[in-house]
Amino acid sequence: MTLKEMKDYLDRHGVEDGSVYTHGGLGGGDIDGIEEIDGVWHTYFSERGSKNAYRAWPDEESAVAYLLPRIVALAKQYRIWTG
């Protein structure tokens, strides 16, 4: 799954960028993030206004595969998951 496909999937379930995940940003709290830097996909944890625990992935699909279950679980825990 690509990042765009993941974002579309999450949008369909009421999960917006910045709620429990962020694409390249810091988000509104302690949340997971994903971004591409110089052709390399990274996941990270956004907390207290900084990006921590960067992890590089061999491709976009691998980064998304790691992050998506974390996002879904958190969205369900916070009861923002719909459908």
Side-chain angles (χ1 to χ4, degrees):
M1 177 181 284
T2 66
L3 177 60
K4 182 184 180 332
E5 290 168 336
M6 180 186 86
K7 290 177 82 168
D8 290 345
Y9 173 74
L10 293 170
D11 283 344
R12 287 193 305 273
H13 291 282
V15 182
E16 298 177 0
D17 187 342
S19 59
V20 293
Y21 81 99
T22 183
H23 171 211
L26 292 173
D30 298 348
I31 60 177
D32 288 304
I34 185 170
E35 66 184 343
E36 182 183 16
I37 303 170
D38 297 328
V40 178
W41 284 91
H42 294 85
T43 55
Y44 60 90
F45 190 70
S46 166
E47 75 181 325
R48 298 184 183 166
S50 64
K51 298 174 183 178
N52 303 297
Y54 264 93
R55 183 170 176 186
W57 297 90
D59 52 46
E60 178 180 10
E61 291 80 11
S62 297
V64 168
Y66 166 77
L67 201 57
L68 182 58
R70 295 171 58 90
I71 295 168
V72 170
L74 198 54
K76 288 180 178 180
Q77 179 182 339
Y78 289 155
R79 299 180 186 216
I80 60 173
W81 185 265
T82 60

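Being a predicted model, the structure only gives us computed values, none of them experimental.
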Can you tell me how far apart [atom1] ([X]) and [atom2] ([Y]) are? Round to the nearest 0.5 Å.
| X | Y | atom1 | atom2 | result |
| --- | --- | --- | --- | --- |
| H13 | K76 | NE2 | NZ | 8.5 Å |
| K4 | M6 | NZ | CE | 12.0 Å |
| I71 | I31 | CD1 | CD1 | 9.0 Å |
| D8 | M1 | CG | CE | 9.0 Å |
| W81 | L10 | CH2 | CG | 6.0 Å |

Tell me, do V64 and E5 make a side-chain contact under 4.5 Å, heavy atoms counted?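 No - every pair of side-chain heavy atoms lies 4.5 Å or more apart.
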State, to 0.1 Å, how close A56 and V40 come at their nearest heavy-atom pair, and which atoms those are.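 A56 and V40 have their closest heavy atoms at CB-CG1, 4.0 Å.
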Please answer: with hydrophobic residues joined when any side-chain heavy atoms are less than 4.5 Å apart, are [X] and [Y] in the same cluster?
| X | Y | answer |
| --- | --- | --- |
| L3 | V20 | yes |
| L74 | Y9 | yes |
| Y21 | F45 | no |

Decide, yes or no, whether a salt bridge links K7 with D11 under the criterion of side-chain N to carboxylate O below 4.0 Å.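 Answer for the salt bridge query: no.
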Check: E47 side chain, N52 main-chain N or O, donor-acceptor pair, under 3.5 Å: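 Side chain of E47 to backbone of N52, a donor-acceptor pair under 3.5 Å: no, none is there.
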Report the residues that fulfil ring-ring contact (aromatic ring centres under 6.0 Å, His included) with H23, sequence neighbours left out, ordered by chain and then residue number.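 H23 satisfies ring-ring contact (aromatic ring centres under 6.0 Å, His included) with no other residue.
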side-chain hydrogen bond (donor to acceptor under 3.5 Å, both in side chains) contacts touching residues 32-45 (sequence neighbours left out):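 Sorted pair list: D32-R70, E35-K51, E35-Y54, T43-W57.
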Quick check on side-chain contact (heavy atoms from CB on, under 4.5 Å): which of D17, V15, T22 does S19 satisfy it with?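 Single side-chain contact (heavy atoms from CB on, under 4.5 Å) partner of S19 among D17, V15, T22: V15.
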